[in-house]
Amino acid sequence: MSDFYENVFDVVRQIPPGRVTSYGAIARYLGSAGSSRMVGWAMNLSHHQQNYVPAHRVVNRNGLLTGKIHFGSPVQMEELLENEGIKVEEDCVVDFDSLFWDPVKELGGTFSNNF
DNA sequence: ACGTTGACCTATA
DNA sequence: GTATAGGCCAACG
């Protein structure tokens, strides 16, 4: 497994429950900004990983559940998200801006404790 | 091996 | 504000 995918899975696993992030955010965190597509591909491989990867917490920039189709069922992603406490309507995450979890801002080297 | 596609994002018109 | 173009890198046909 390439380190890239491993990092992606590691970041996705560290996403707190009830929170969501975008492919671009992960790609930027890995330093491969612009290669957001690779993150999506990594998610595709996440199903083959023995370690469970909450790919349902990863959505696109618009908060749209574009990858729900790649789950067991098209509604599987919505079920999981609602199970986490995230409201989903029209395949879109409600309050996505508030639920957005940026790995660069959270895990990003500088542990900003100035909260 | 070449061409196309893909769970995307950013920029310009 | 929407629409179109470009970029990115890996997998599939």
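Nothing here was measured: the structure is a model prediction, and the numbers come from that model. Lettering follows sequence order; numbering is per chain, from 1.
- A:Asn60 comes within 4.0 angstrom of the backbone, heavy atoms only, and of no base.
- A:Ala55 comes within 4.0 angstrom of a nucleotide base, judged by non-hydrogen atoms across all strands.
- Proximity of a side-chain donor or acceptor of A:Gln76 to a complementary backbone N or O of A:Gly72 within less than 3.5 Å is not detected.
- A heavy atom closer than 4.0 Å to some atom of DNA chain B occurs in A:Thr66, A:Gly67, A:His70, A:Phe71, these being the qualifying members of residues 62-79 of chain A.
- Within the structure, a side-chain polar atom (N or O) of A:Arg28 is placed less than 4.0 Å from OP1 or OP2 of B:dT10.
- Of all heavy-atom pairs between A:Leu65 and A:Glu78, the closest is CD2-CG, 3.8 Å.
- A 4.5 Å side-chain heavy-atom check between A:Asp102 and A:Thr21 finds every atom pair outside the cut-off.
- The side-chain heavy atoms of A:Lys68 and A:Val59, taken from C-beta on, include no pair separated by under 4.5 Å.
- For the pair A:Asp10 (side chain) and A:Glu6 (backbone), a donor-acceptor distance under 3.5 Å is absent.
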With salt bridge (charged side-chain N to carboxylate O under 4.0 Å, His left out) as the criterion, how do A:Glu84 and A:Arg57 come out once you've worked through the C-alpha distance, each side chain's angles and the decisive distance to 0.1 Å? CA-CA 9 Å; A:Glu84 296 287 330; A:Arg57 291 180 192 160; 3.1 Å; yes
Summarise protein proximity over nucleotides 6-12 of chain C in one line of letters, 5' to 3': B for base, S for sugar-phosphate only, - for none, counting protein heavy atoms closer than 4.0 Å. -BBBSS-
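- Under a 3.5 Å cut-off, the side chain of A:Asp95 and the backbone N or O of A:Leu99 do not form any donor-acceptor pair.
- Look at CZ on A:Phe4: it is 14 Å from P on B:dC8, rounded to the nearest Å.
- Within the 4.5 Å cutoff, side-chain heavy atoms of A:Trp41 are placed close to those of A:Asn44.
- Once rounded to the nearest 0.5 Å, the distance linking OG of A:Ser35 with CZ of A:Arg28 reads 12.5 Å.
- Going from the C1' atom of B:dA7 to that of C:dA3 covers 23 Å, rounded to whole Å.
- A continuous path of Ile, Leu, Val, Met, Phe, Trp and Tyr side chains, each step under 4.5 Å between heavy atoms, connects A:Phe96 with A:Val88, placing both in one hydrophobic cluster.
- Side-chain to base pairing of A:His56 with B:dA7: no donor and acceptor N or O lie closer than 3.5 Å to each other.
- DNA chain B is contacted by A:Ser22, A:Tyr23, A:Gly24 of residues 20-27 of chain A, taking any non-hydrogen atom closer than 4.0 Å.
- Residues A:Ile15 and A:Val58 meet the side-chain proximity criterion, which asks for heavy atoms closer than 4.5 Å.
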